[in-house]
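Only one structure is covered here, and it is reproduced in the block below.
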Amino acid sequence: MNGKHAAPDPTGAAQTIRADGAGPVSAIAHPTTAVTQAATGTGPASGAVGGDAIEAVGLTKRFGRHDALRQVDFAVPRGSVYGLIGPNGAGKTTTMRILLDIIRPTSGRTSLAGTDSRTGGPALRRRVGYLPGELILQGRISGRRLLSHYAAVSGPVPRGRIADLADRLRLDLDRPVRKLSKGNKQKLGLIQAFMHDPEVLVLDEPTSGLDPLIQREFLAMVRQARDEGRTVLLSSHVISEIQEAADAVVILRDGVVVEVAGVEHLRRSAVRRVRLQVRDGDGRALDDALADAGLTSVVLHPRDGVVDVEAEAGGPVQPLLHALAGLPVTDLVLEEPDLQDAVLRLYGPDQHGPEQRGSDHRGPDLLDPSPSSTVRPATEHETTEAGR
Ligand SMILES: Nc1ncnc2c1ncn2[C@@H]1O[C@H](COP(=O)(O)OP(=O)(O)OP(=O)(O)O)[C@@H](O)[C@H]1O
């Protein structure tokens, strides 16, 4: 993601995983559950007890004169999966690198597994699995040797665990890492993040480069981690996988949190596309019903004694059905609301006054998206952006 922005590394932790034999292999720790439990007195299952496993409080990060993050606040409850999403340059990688104490914030603080990122040191990193956004894997050694080197440095990994993960992800561990394709390097990165069964997983664009079958397997691994009480924060540009894997999302834009919301909640807040066919007759009754239904972006296509209507509807379906009840409807299609629609509205041009930035992380009130009535019956073939 942002490996190009080589930031100073006050902790000695490397963002990239190197296997070229020169310099540190990686400062990313690879502990076992046993080590985790020894260090904390609790295992991941203790996540069920509650509390927040990941926390960012008043996080601001300035690179020169550029504010990459401004007063970012969010918390991820133990045992849940959160997506960290937003347009390019929104600050996702920066947030994750601060969480891992790879870079330090200008102000604010973060914690992982209840421990301050800045003071947790190696003991904390052993409890965390981290996949950097940009992996650099070079060198002649095989994936197997690289992973066992990590395991030797960071502590034992459960016997058979690496082989199991490699099987799941269909990775040939005997190939030299420099010969691996981008997707296969990504698999190696995922194995190192998961192999020690960490309490907290911070994954920067984990499915980047993976084929669809392996993406599915990865999503299953995430669900399994959650079922075991672990906590996952993952960034992605693929909204469908966020919809599938995450309980909630933190949406960043231009370094500001514009929304923190449950995925299902956000999805239901999105507009649905509506298509209906009505027998041609009383035009005024149709206009009135469409207005009552609160439809937006209405386009009418009269033809052969019927009118095809395309529109968008927000909010609950009951008022819509009620409004349409008196019409001679011959066909009705109500599409599922799509998370992507809800999210893209938040990615788009500014919907906040500047005064709200940095302080209001609720963003626009999508949770009650009662559409302003912009019903405008259009002439045949006319398209309208009203209500978008
Ligand atoms: N080390 C750095 N030095 C200077 N600017 C940086 C550095 N790292 C990040 N930035 C800037 O901070 C902003 C946020 O970058 P970041 O990589 O966190 O975004 P992102 O949301 O991960 O983007 P993408 O989706 O494109 O990967 C960008 O404007 C980026 O150019």
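Order of appearance sets the numbers: ligands from 1, and atoms from 1 within every ligand. Heavy-atom basis, side chains included; hydrogens, waters and symmetry copies ignored.
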- Message: Take a 6.0 Å sphere around CZ of R223 and say whether it holds more than 12 heavy atoms from other residues, nucleotides or ligands.
- Response: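 Yes, because the 6.0 Å sphere around CZ of R223 holds more than 12 heavy atoms from other groups.
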- Message: If the test is side-chain hydrogen bond (donor to acceptor under 3.5 Å, both in side chains), which one of Q215, E241, H237, Q186 qualifies with T207?
- Response: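 Single side-chain hydrogen bond (donor to acceptor under 3.5 Å, both in side chains) partner of T207 among Q215, E241, H237, Q186: E241.
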- Task: Look up atom CD in E199 and atom CD in E228, then write down how far apart they are to the nearest 0.5 Å.
- Result: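 Between E199 CD and E228 CD, I get 12.5 Å after rounding to 0.5 Å.
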- Item | Value rounded to 0.5 Å, distance of NE2 in H149 from OG in S142 |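 So the gap between those two atoms works out to 12.5 Å.
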Geometry only, no angles: is [X] polar-contacting ligand 1 at N/O separations under 3.5 Å?
{"X": "T93", "result": "yes"}
{"X": "G91", "result": "yes"}
{"X": "H237", "result": "yes"}
{"X": "G86", "result": "no"}
{"X": "G89", "result": "yes"}

Which atoms from ligand 1 have a heavy atom of [X] less than 4.0 Å away?
{"X": "T94", "result": "9 (C), 14 (C), 15 (O), 16 (P), 18 (O)"}
{"X": "A68", "result": "12 (O), 13 (C)"}
{"X": "A90", "result": "19 (O), 20 (P), 21 (O)"}
{"X": "N88", "result": "23 (O), 24 (P), 25 (O), 26 (O)"}

Are [X] and [Y] within salt-bridge range, i.e. N to O under 4.0 Å?
{"X": "D174", "Y": "R144", "result": "yes"}
{"X": "E244", "Y": "R216", "result": "yes"}
{"X": "R273", "Y": "D341", "result": "yes"}

